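Notes follow once the structure below has been shown.
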2 protein chains.
Amino acid sequence: MKGMMMHRPLLISGILDYAAEVHGHATIVSRRVEGDIHRTDYPTMRARVVQLSLALEELGVKPGDRVATLAWNGYRHMELYYAISNIGAICHTINPRLSAEQLGYITNHAGDMLLFSDLTFVPLLEKLKDIFPADMRHVFMTDAAHMPENTLNAFCYEDLLDGQPTTRDWPEFDETTAAGLCYTSGTTGDPKGVLYSHRSSVLHTLQIAASGFLTDMGRDARILPVVPLFHVNAWGLPYLAPMVGADLVFPGPNLDGESLWTLMEEEGVTSSWGVPTIWQGLQGAIDRHGRKPAALRQIVVGGSAAPRSLIERFEQSGVSVNHAWGMTEMSPIGSHGALAWQIADLPFDERMALKSTQGRRAYGVEMKIVGDDGKRQPHDGKAKGELYVRGNNITSGYYENDAATAKVMDAEGWFATGDVASIRGDGYLQLHDRSKDLIKSGGEWISSIDLENIATAHPKVAQAAVVAVPHPKWDERPLLVVVAKSADDLPTLEEIQALMLGSMARWQLPDDIVFVEQLPMTATGKISKLNLRESLADYVHPDLR
Amino acid sequence: MKGMMMHRPLLISGILDYAAEVHGHATIVSRRVEGDIHRTDYPTMRARVVQLSLALEELGVKPGDRVATLAWNGYRHMELYYAISNIGAICHTINPRLSAEQLGYITNHAGDMLLFSDLTFVPLLEKLKDIFPADMRHVFMTDAAHMPENTLNAFCYEDLLDGQPTTRDWPEFDETTAAGLCYTSGTTGDPKGVLYSHRSSVLHTLQIAASGFLTDMGRDARILPVVPLFHVNAWGLPYLAPMVGADLVFPGPNLDGESLWTLMEEEGVTSSWGVPTIWQGLQGAIDRHGRKPAALRQIVVGGSAAPRSLIERFEQSGVSVNHAWGMTEMSPIGSHGALAWQIADLPFDERMALKSTQGRRAYGVEMKIVGDDGKRQPHDGKAKGELYVRGNNITSGYYENDAATAKVMDAEGWFATGDVASIRGDGYLQLHDRSKDLIKSGGEWISSIDLENIATAHPKVAQAAVVAVPHPKWDERPLLVVVAKSADDLPTLEEIQALMLGSMARWQLPDDIVFVEQLPMTATGKISKLNLRESLADYVHPDLR
Ligand SMILES: Nc1ncnc2c1ncn2[C@@H]1O[C@H](COP(=O)(O)OP(=O)(O)OP(=O)(O)O)[C@@H](O)[C@H]1O
Ligand SMILES: Nc1ncnc2c1ncn2[C@@H]1O[C@H](COP(=O)(O)OP(=O)(O)OP(=O)(O)O)[C@@H](O)[C@H]1O
Ligand SMILES: [Mg+2]
Ligand SMILES: [Mg+2]
């Protein structure tokens, strides 16, 4: 029997309408590319989004068309999210740190008809102009006064809005209509497109709202998204903040520790979301200032494993750390580390142990662990296997890429994450590695994440990565690659091994250490193991020297 | 273009599975009908729900069948919610305070095949046994040791569970499948059935989670639902608590102020939800004890208008009041009074003014105000009209009752609430009356809620109601009906009129006062204006005496 309830499509436009109607007190602060600080609110944003949407329609944008962005975190970028999706078109956010080749690949693969860019990127666009789809038009996200000379025949953002009406009713369409397109960050190969729907983005937002991020942070949510709007929707914040009435503080292009510290201090930021490397930078600034930004109470860390030492230092300086795991393919949040309040009085050590895991699954995300034999493994904290996920916020296949899709979808309709994990009886997820980064030694797997985690805790280590190197007898052996805090005071392999022996078996320890000045990074601020392995192609294991 | 995301049905079973997996630390406390205190947790509850669901199937329950409950707030009642809905059957919760006639009407109208009852109701069932559907079977919600003699050939709840397996995968079906059935409380006429779907209940839960109830309460959510599980799903708490990992404290049948105070104190309750009359009772206990229950930080008040004086007294004793508005037809939450944190430092008076409104709409609930002329009114805080609502949590028509349905659905698919309201520019909803309770004097409307609100603030008034009485010249005039705090110290009409003149026009004031020992109540603890008007049938206006 069917229920007798209304069916209203879950549409992204409803989030902004809601914020404009009931969250008029919230503010959106942006450090602009132009240099100044800009403040707005949701009623104003809705009016401008209406103008922008009408301008898009005048430029010929139709439902289903792809409109791309190349921009930092700021209010105009957020306006584009809504204006494009609200009229049934698809907001394709592009990572500006991609290579020229990748930029050309994805704009053509997506078939973008318009590209909205921050001024920062004008020189790049001029240089690359031939790589883009032939009929793609450019819009620069600025006003007439700041409009640069260009050979791209570009439109000016504020001119497009100017004079347009400020109210409209949004079109209604099916909730499964595509709303956004984001390519994976390319850590493991060619970028693959994930095509979000209105349903998936709205449900993802509701799922985060229900999952304790907010209660963990307290009532006065003034959130600084360091995670870029060009990377998986800034983990959902441009939808979450208006839904719950949080303030947003957009940092623009300057994401070094000092700039972040100052902006957080000046703007009273209470929560900030980003990848581990960002937090290493902020920790440096906290050390220099001798204290955290006054209002900061919570950081959300994800994108790659947060080392326990990093978590502990933030917690000790009064900032609660929420260690989250997710993927572009998951909108992105899969699990998060907000601890149950019922165990708030656990000893520090036990709390930190829990916070170092990838936390518990968000409501709406189902998980299974599959062993090498293809069998489901128990959730006992011991059995490891590839992690598969299922849920409304998870991709059912890559955009126009059947070959890549076939590799990740299983017969029951689950998505293979490529991550190796175990799940404890009480629901905590522990990631051990990407399956491509696991080290196979003598028929047994060694987790690079576990080793890196410990190495990073050594006082002389700034960053650490562990990769497999070939070995005639053991197949592969782990090699430790370290960026030292000071070139004059290097840690020794033995010191780090001694630390590792606390929780690892002797045969799992790296046999050698290599010092580098910096580690290769991906466009989203992760250590690129692909590039690191390439750069170590000539490395020879001590047993062979 | 369609998005490429998984479609997973939004099913109620997923909520319990989630809680059992990730919220193992939460506890569910019940004061049992048997007299003792019972404690359980979500993993245990899931195991028992599985057993119960298998027992239901053995008793012949099929998808779409209606299974009824007649029970107080306790863990067994909550188990029924999940066991029935999870197998695609329909959980029909019945208000035990209905008249015998209404009980017979709704069990037959629903076609209930099983009735699960608390022991309290066995004598009633014995007396009424002929009014129920002929083939309906009885189950008593107790164990073998407490099973009473009966002529109903009743099953014993714990015996049904005993020996059943404790794990299963839940069946999957379309998210629009019916899950629950609840009849309106009958304030204005015959009860009408609302048939909730899995989609509507899951979305309603997510909408509440996103709407600030939780952040308003703080992290450690230990919630006591005074609002009954037999009345609109206890406002969604049996779904919300497991989703967010809150503790639940079920009070059983004793809902007087003293019992509630003691249970809250003993169990460290932080939040409690119920109708205004309940909070008047608790306020009495707070006065006697000289303080609030130690951990209590928030109450949610809804079901009828919360008088400002009540709100202020709770706020002054350190309990934040969230004034919510809803309807059985809305699952039920439509709006709520959690204030934006950005205005937390407003002066007390301004905050109380905002908290006395019915708050702002929950995400997912759209509202429009329609004037007598059928035209949409502006949201300017001034224009009044009938409130219409739209959303996934809102009924599209009454169960097997086309005549009633036709009266409430408009041409655009909105639901007519029967409430007269205005909406401020910043989103705050102000209810002025039920349209049936409005007083029409000389062609102008007078709001009974506004007058009652002021009268209740008088120190000598315990409860107040204002109803229309016929008048030859003015058509109708307002009459004030008062329950005094002490029969020896009655307030005067002039005193109360003087209070009212602060915010009402002279012609809007009641012309007369009538004292009664108590006001007629509906089954859900609201003042029954229907019965009150009937009891005043012989009243003559002073102008006619
Ligand atoms: N908290 C975390 N701990 C460990 N690993 C994480 C965490 N969060 C994310 N990851 C890693 O990041 C991956 C998802 O990252 P993302 O979607 O940005 O693209 P990518 O996997 O880095 O790039 P590509 O898929 O193109 O190779 C996860 O599969 C996981 O390997
Ligand atoms: N906070 C509130 N302030 C004023 N009125 C409220 C509030 N909350 C609920 N109500 C009233 O209660 C109504 C919904 O109550 P409910 O669904 O329990 O059934 P009922 O309307 O009392 O009964 P019936 O529909 O059978 O007459 C609303 O339409 C409104 O009139
Ligand atoms: Mg990936
Ligand atoms: Mg009603």
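As the structure is a computational prediction, the values presented were derived from the model and not from experiment. Each chain gets a letter, A, B and so on, in the order the sequences are listed, and its residues count up from 1.
Heavy atoms closer than 4.5 Å to chain A are found nowhere in Thr405(B), neither backbone nor side chain. Of the atoms belonging to Tyr399(A), heavy atoms from both backbone and side chain fall under 4.5 Å from chain B. Both the backbone and the side chain of Ile15(B) come within less than 4.5 Å of a heavy atom of chain A. For a residue to count as touching a neighbouring chain, one of its non-hydrogen atoms must lie under 4.5 Å from one of that chain's; by this rule Ala19(A) does not touch chain B. Proximity to chain B (any heavy atom under 4.5 Å) is restricted, for Leu203(A), to the side chain, taken from C-beta onward. Neither the backbone nor the side chain of Val365(B) comes within contact range of chain A, judged by heavy atoms closer than 4.5 Å. Contact of Tyr398(B) with chain A is made through the backbone alone, with heavy-atom distances under 4.5 Å. For a residue to count as touching a neighbouring chain, one of its non-hydrogen atoms must lie under 4.5 Å from one of that chain's; by this rule Ala179(A) does not touch chain B. Interface residue Ile90(B): only side-chain heavy atoms are found under 4.5 Å from chain A. For Thr205(A), no part lies near chain B; criterion is any non-hydrogen pair under 4.5 Å. Of the two parts of Ile394(B), the backbone and the side chain both hold a non-hydrogen atom closer than 4.5 Å to a non-hydrogen atom of chain A.
Side-chain contact between Met1(A) and Leu195(B): present, with at least one pair of heavy atoms (C-beta onward) separated by less than 4.5 Å. Using a 4.5 Å heavy-atom cutoff, the side chains of Tyr363(B) and Val22(A) are not in contact.
With chain A as the partner, the residue from Met409(B), Arg390(B), His198(B) showing the most heavy-atom pairs under 4.5 Å is Arg390(B). Between chain A and the residues Ala89(B), Gly397(B), Ala221(B), the most heavy-atom pairs under 4.5 angstrom are made by Ala221(B). The choice from Ala209(B), Ser197(B), Ser396(B), Gly193(B) that makes the most heavy-atom pairs within less than 4.5 Å of chain A is Ser396(B). Comparing Met243(A), His25(A), Glu21(A), Arg361(A) by heavy-atom pairs within less than 4.5 Å of chain B, the highest count is held by Arg361(A). In terms of heavy-atom pairs under 4.5 angstrom with chain B, the leader among Ala26(A), Gly427(A), Gly14(A), Ala344(A) is Ala26(A). With chain B as the partner, the residue from Gly364(A), Ala362(A), Gly24(A) showing the most heavy-atom pairs under 4.5 Å is Ala362(A). Considering only heavy-atom pairs separated by less than 4.5 Å from chain A, the leading option among Gly212(B), Gly391(B), Gly64(B) is Gly391(B).
Under the side-chain contact (heavy atoms from CB on, under 4.5 Å) test applied with Ser200(B), the options Met5(A), Met6(A), His7(A), Met4(A) reduce to a single match, Met5(A).
For the atom pair CG of Leu206(A) and CG of Leu10(B), the computed distance is 9.5 Å after rounding to the nearest 0.5 Å. In this structure, Asp41(B) CG and Gln342(A) CD are separated by 11.0 Å, a value rounded to the nearest 0.5 Å. Distance check, rounded to the nearest 0.5 Å: NZ of Lys2(B) to CZ of Arg199(A) gives 11.5 Å.
Across Trp341(A) and Asp247(B), no two heavy atoms sit closer than the pair CH2-OD2, 3.3 Å.
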